[in-house]
Amino acid sequence: MNDPKPSAGLPARANGPRVRFAPSPTGFLHVGSARTFIFNWLFARRNRGTMILRLDDTDVERNTEASVNSIFEGLRWLGLGWDEEYKQSERLGLHRQMAEAIFQKGLAYRDFTPARSGESEQSGAQGTWLFNPGMRELSHEESDRRAAAGEPFALRYRVPRNSGREVRFVDAVYGAQAKLADDIEDFALLRSDGMPTYHLASCADDADLRISHIIRGQDHLTNTFKHILIFEAAGATPPQFAHLPLLVAPDGSKLSKRRHGPVVSVTTYRDAGFLPEAFVNFLCLLGWSPKDNREKMSREELVEAFSLEGINRANAVVNFKEEDPFDPKAVWLNAEHIRGLTVEDLSERLLPIVRGAGFDVDASKMLKVTPLIRERIKLLRDVLTAADFFFVGQLPPYDPAELIPQKGDAAMALKVLKHARDVLSQTEFQHPVLEEALRAAAQDLGIKTGQMFQPIRVAVCGRKNAPPLFETLEVLGRDTSLARIEKALQKP
RNA sequence: GGCGCUAUCGUCUAGGGGUUAGGACGGAAGAUUCUCAAUCUUCAAACCCGGGUUCGAUUCCCGGUAGCGCUACCA
């Protein structure tokens, strides 16, 4: 059921770049992860490369099936697809092989120190735990003996000490990077239960899958030095790296479910009525720019314009508020994309939402309502508040005072509605005809058109702000319109 | 603490040794209009600080500050 979907865009070339999105299934699909996926996908499509989805599920403790489902659900909604799919937990043999090879070369050592219990870390307030000489310098004999005796151990990379060695790489976004090996700790390759760590598994798979470009969050920028060391120890050529600035909350902190709630989950945007293409567009503009002032861009335009050079280096704020959970620009872009949809397309997307809310509406009715609200909704779900009166038999109660027109009184409202009833009962319910008839009616009564239309609008829609009156009447039809006017006549 | 990264309007960003520092969202005002929306016009709004280099720095260099990241047998 989780089959990779065929990707859109140019077909991949056999010798094109290979990129991967490698989420760890420990939660729902995060907006930051979605953006990373999108940038990888864009890069792959732009360069006729291959997009790979790899579940980095080596943390048995925290992985959940629900999370795997949530990630697929989110990715499916984005509708971008991928070409190959792997699960890290099914490749453990490969990881252990690489660990063993590194160990055989003497570039890693067994660490018999018992694992630190979760909380009690933060030990060396004075300095970093770079390495433990006792374990690092353990003799082969003793190391073998203790291992043979079944004592558990973690396998650690033997990072060069006092060698003056600098580990370097060139990041496509952040430029030349260098770090003294002395500042890199002896990180773990294998846990004492034999499971590979993220660093090992990730590098082993990247090498094995012939990943050419690693495009991922900037939180991995400093980890990359360790990865270079691993690739080197395994005799593999490191891929190219491109780190992405992070998405952060308005206060600059990183987005977290606990602190910021559902706005960090992709499904929240889907459920609120974002168009996937608008959401993708929005995310692209966070930390990347086409540099030509374009904002609204289609998928094709994004693919065409995308390049690593356009990626920015500073973190980007997702500008949400407590009262206003979505970034205003995301909402605006969504409205922009909605307006760009054909009536048929929009109507089809609206229908399930309207039905889901309990309204009994058929496709042809929806198709007639859609053009009246297309420019009035920002999120798909807005259809429920913008067009509800089209879908109900009876209007919910409203304040009769609303029927009174500007600079008018209850008597005028009454006069207008009575006249409207008479006119509408013998007018063809068709937009231009209705307009002509009602304008004439206003003239008859010697009032302004606004004063004429407003009471009718409220009587028929139950509110002051609504789509244009004549189109609305046409869609509503004579029976419903007259019944509602009749009902309004009982009110004041 | 150590190491690394970053710094242009409130937010997303363009730019780059000499510019009226550009665009967009949001905000304000106005036009249009049967209300709302859409659309159009206008306005307010920014180069973190301090030193250099230079005839000239927002731009280049250094320092500071602030923010973020890594510093787990998480990823």
Side-chain angles (χ1 to χ4, degrees), chain A residues 22-26 56-59 61-62 111 113-116 118 121-122 124-130 152-156 171 174-175 177-180 182-185 187-199 201-202 216-226 243 245-246 248 250-254 282 285-296 312-319 324 327-333 335 339 373-378 386 405-406 435 438-439 442 448-454 456-458 461 463-470:
Chain A
S24 63
T26 56
D56 278 9
D57 55 350
T58 54
D59 186 357
E61 298 288 298
R62 304 197 305 154
D111 180 356
T113 313
R116 280 194 277 175
E121 39 179 311
Q122 222 48 283
Q126 283 311 79
T128 325
W129 185 94
L130 257 16
F153 61 86
L155 192 70
R156 284 185 185 281
D171 189 274
Y174 289 92
Q177 304 291 314
K179 186 165 179 160
L180 239 25
D182 291 294
D183 289 324
I184 302 172
E185 71 278 7
F187 54 95
L189 260 18
L190 290 178
R191 303 186 176 90
S192 46
D193 63 2
M195 286 293 283
T197 61
Y198 159 74
H199 299 302
S202 174
R216 72 218 315 183
Q218 191 246 39
D219 49 344
H220 286 297
L221 188 64
T222 39
N223 283 333
T224 305
F225 296 107
K226 296 171 195 165
H243 286 88
L246 266 21
V248 297
D251 67 354
S253 67
K254 77 184 226 183
F282 169 66
L285 262 18
L286 255 23
W288 173 80
S289 162
K291 298 188 189 291
D292 57 9
N293 284 345
R294 274 186 295 175
E295 303 275 349
K296 184 200 168 193
N312 198 308
R313 281 176 290 275
N315 289 170
V317 173
V318 181
N319 199 12
D324 209 359
D327 191 308
K329 196 147 194 171
V331 174
W332 169 77
L333 262 177
R339 282 177 230 127
I373 57 164
R374 182 164 51 167
E375 315 225 302
R376 272 160 266 264
I377 60 175
K378 293 179 188 299
Q406 281 288 303
E435 175 158 10
L438 289 174
R439 280 187 189 280
K448 293 186 171 178
T449 51
Q451 291 175 312
M452 179 76 203
F453 302 156
Q454 194 66 4
I456 304 174
R457 185 194 329 281
V458 173
C461 303
R463 69 175 79 116
K464 283 180 169 173
N465 299 342
L469 185 59
F470 317 114

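Please read these numbers as outputs of a predicted model, since none were measured by experiment. Computed from heavy atoms alone, side chains included, the values below leave out hydrogens, waters and symmetry copies. In what follows, chains carry the letters A, B, and so on, assigned in the order in which the sequence lines appear, proteins first and then strands, with residues in each chain numbered from 1.
Taking atom C1' on both nucleotides, B:U19 is separated from B:A31 by 32 Å, rounded to a whole Å. Nucleotides B:G63 and B:U6, compared at atom P, are 14 Å apart to the nearest Å. Taking atom P in both B:A45 and B:G51, one finds a spacing of 26 Å when rounded to whole Å. Between B:U11 and B:C68, the two P atoms lie 15 Å apart (nearest whole Å). Separation of the C1' atoms belonging to B:U54 and B:U71 is 41 Å when rounded to the nearest angstrom. Remark: the separation of the P atoms in B:C40 and B:G26 is 12 Å, to the nearest Å. One C1' atom belongs to B:G15, the other to B:U59, and the distance between them is 9 Å to the nearest Å. Across B:A14 and B:C60, the matching P atoms stand 14 Å from one another, rounded to whole Å.
The residue among A:Thr113 and A:Asn465 whose nearest nucleotide of RNA chain B lies closer to the 5′ end is A:Asn465. When each of A:Asp183 and A:Val318 is assigned the nucleotide of RNA chain B bearing its nearest heavy atom, the one mapping closer to the 5' terminus is A:Asp183.
As judged by a 4.0 angstrom heavy-atom cut-off over every strand, A:Gln177 is placed among residues touching the sugar-phosphate backbone only. Using a 4.0 Å heavy-atom distance criterion, A:Asp292 is classed as making no nucleic acid contact. A:Lys296 comes within contact range of no nucleotide atom at all, as no heavy-atom separation falls under 4.0 Å. Residue contacts shown for A:Ala466 include a base, since a base heavy atom lies under 4.0 Å away. The residue A:Leu285 sits close only to the backbone: its heavy atoms come under 4.0 Å of sugar-phosphate atoms, none of a base. If you check every strand for non-hydrogen atoms under 4.0 Å, A:Arg313 touches sugar and phosphate atoms only. Residue contacts for A:Ser202: at a heavy-atom cut-off of 4.0 Å it reaches no nucleic acid atom on any strand shown. Contacts of A:Pro468 with the nucleic acid, taken as non-hydrogen atoms under 4.0 Å apart, include base atoms. Nucleic acid contact for A:Ser289: sugar-phosphate only, since backbone atoms but no base atoms lie under 4.0 Å from a heavy atom of the residue. Using a 4.0 Å heavy-atom cutoff across all strands shown, A:Ser24 reaches sugar-phosphate atoms only and no base atom. Nucleic acid contact for A:Pro467: base, since at least one base atom lies under 4.0 Å from a heavy atom of the residue. Using a 4.0 Å heavy-atom criterion, one finds that A:Arg463 contacts no nucleic acid atom at all. At a threshold of 4.0 angstrom between heavy atoms, the contacts of A:Gly217 with the nucleic acid are absent. Note on A:Phe470: a base of the nucleic acid sits closer than 4.0 angstrom, heavy atoms only.
Residues A:Arg294 and A:Asp292 are paired through a salt bridge, judged by an N-O separation under 4.0 Å between the basic side chain and the carboxylate. Using a 4.0 Å cut-off between a side-chain N of Lys or Arg and a carboxylate O of Asp or Glu, A:Glu185 and A:Arg156 do not qualify as a salt bridge.
Atoms CG (A:Leu189) and P (B:A75) sit 12 Å apart, rounded to a whole Å. Remark: P of B:G67 and NZ of A:Lys254 are 17 Å apart, rounded to the nearest angstrom. For A:Lys329 and B:C12, the NZ to P distance is 10 Å, given to the nearest whole Å. Taking atom CG of residue A:Leu246 and atom P of nucleotide B:G67, one finds them 16 Å apart after rounding to whole Å. For the pair A:Leu286 CG and B:U11 C1', the interatomic distance rounds to 10 Å; values are reported in whole Å. Per the geometry, NE2 belonging to A:His220 stands 23 Å off P belonging to B:C3, to the nearest Å. The separation between A:Lys464 atom NZ and B:C36 atom P is 10 Å, rounded to whole Å. Regarding A:Leu469, its CG atom lies at a distance of 11 Å from the P atom of B:U35, rounded to whole Å.
Pairing for B:U54 is absent, with no Watson-Crick or G-U wobble pair whose two atom distances lie under 3.5 Å. Taking a pair to require two hydrogen-bonding distances under 3.5 Å in either a Watson-Crick or a G-U wobble arrangement, B:U35 remains unpaired. Under the Watson-Crick or G-U wobble criterion, with both distances below 3.5 Å, B:G30 is paired with B:C40. The partner of B:U20, taking Watson-Crick or G-U wobble pairs whose two distances both stay under 3.5 Å, does not exist in any strand shown. The pairing partner recorded for B:C47 is none, the criterion being a Watson-Crick or G-U wobble arrangement whose two distances lie under 3.5 angstrom. In this structure, B:G1 and B:U71 make a Watson-Crick or G-U wobble pair, each of the two defining distances being under 3.5 angstrom. B:U59 makes up no base pair with any nucleotide shown, lacking Watson-Crick or G-U wobble contacts both under 3.5 Å. Of the nucleotides present, B:A66 is the one that pairs with B:U6 by Watson-Crick or G-U wobble criteria, both distances under 3.5 Å.
No hydrogens or angles were tested; on distance alone, a donor-acceptor pair under 3.5 Å links the side chain of A:Asn223 to the base of B:A75. With hydrogens and angles left out, the side chain of A:Arg376 and the base of B:C36 share a donor-acceptor pair within 3.5 Å. No hydrogens or angles were tested; on distance alone, a donor-acceptor pair under 3.5 Å links the side chain of A:Glu295 to the base of B:G23. Side-chain atoms of A:Thr449 and base atoms of B:C34 include no donor and acceptor less than 3.5 Å apart.
At B:A72, none of the side-chain N or O atoms of A:Thr197 fall inside 4.0 Å of OP1 or OP2 (strictly under the cut-off). Between A:Arg439 and B:C34 there is a side-chain polar atom (N or O) within less than 4.0 angstrom of OP1 or OP2. Listed pair A:Asn315 / B:C12 fails the phosphate criterion, with no side-chain N or O lying under 4.0 Å from OP1 or OP2. For the OP1/OP2 pair of B:A38 and a distance below 4.0 Å, the side-chain nitrogens and oxygens of A:Lys378 include at least one atom meeting the criterion.
In this structure, A:Asp111 CG and A:Leu190 CG are separated by 12.0 Å, a value rounded to the nearest 0.5 Å. Atoms NZ and NZ, from A:Lys226 and A:Lys179 in turn, are 7.5 Å apart once rounded to the nearest 0.5 Å.
A:Phe225 has its ring centre no less than 6.0 Å from the ring centre of A:His220.
Within the 3.5 Å criterion, the main-chain N or O of A:Leu333 finds no donor-acceptor partner in the side chain of A:Glu295. Distance alone, capped at 3.5 Å, places no donor-acceptor pair between the A:Ser202 side chain and the A:His199 backbone.
Among the nucleotides B:C70, B:C25, B:C73, the one closest to the side chain of A:Pro328 is B:C25. Out of B:U35, B:U39, B:A75, the shortest distance to the side chain of A:Arg339 is found at B:U39.
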- Give the C-alpha distance, both sets of side-chain angles, the deciding distance and a yes or no for side chain to side chain contact (heavy atoms under 4.5 Å, CB included) between A:Leu246 and A:Asp219. CA-CA 8 Å; A:Leu246 266 21; A:Asp219 49 344; 4.1 Å; yes

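Using a 4.5 Å cut-off on side-chain heavy atoms (C-beta onward), A:Gln406 and A:Gln454 make no contact.
Applying the 6.0 Å contact sphere to NZ of A:Lys296 captures more than 12 heavy atoms from other residues, nucleotides or ligands.
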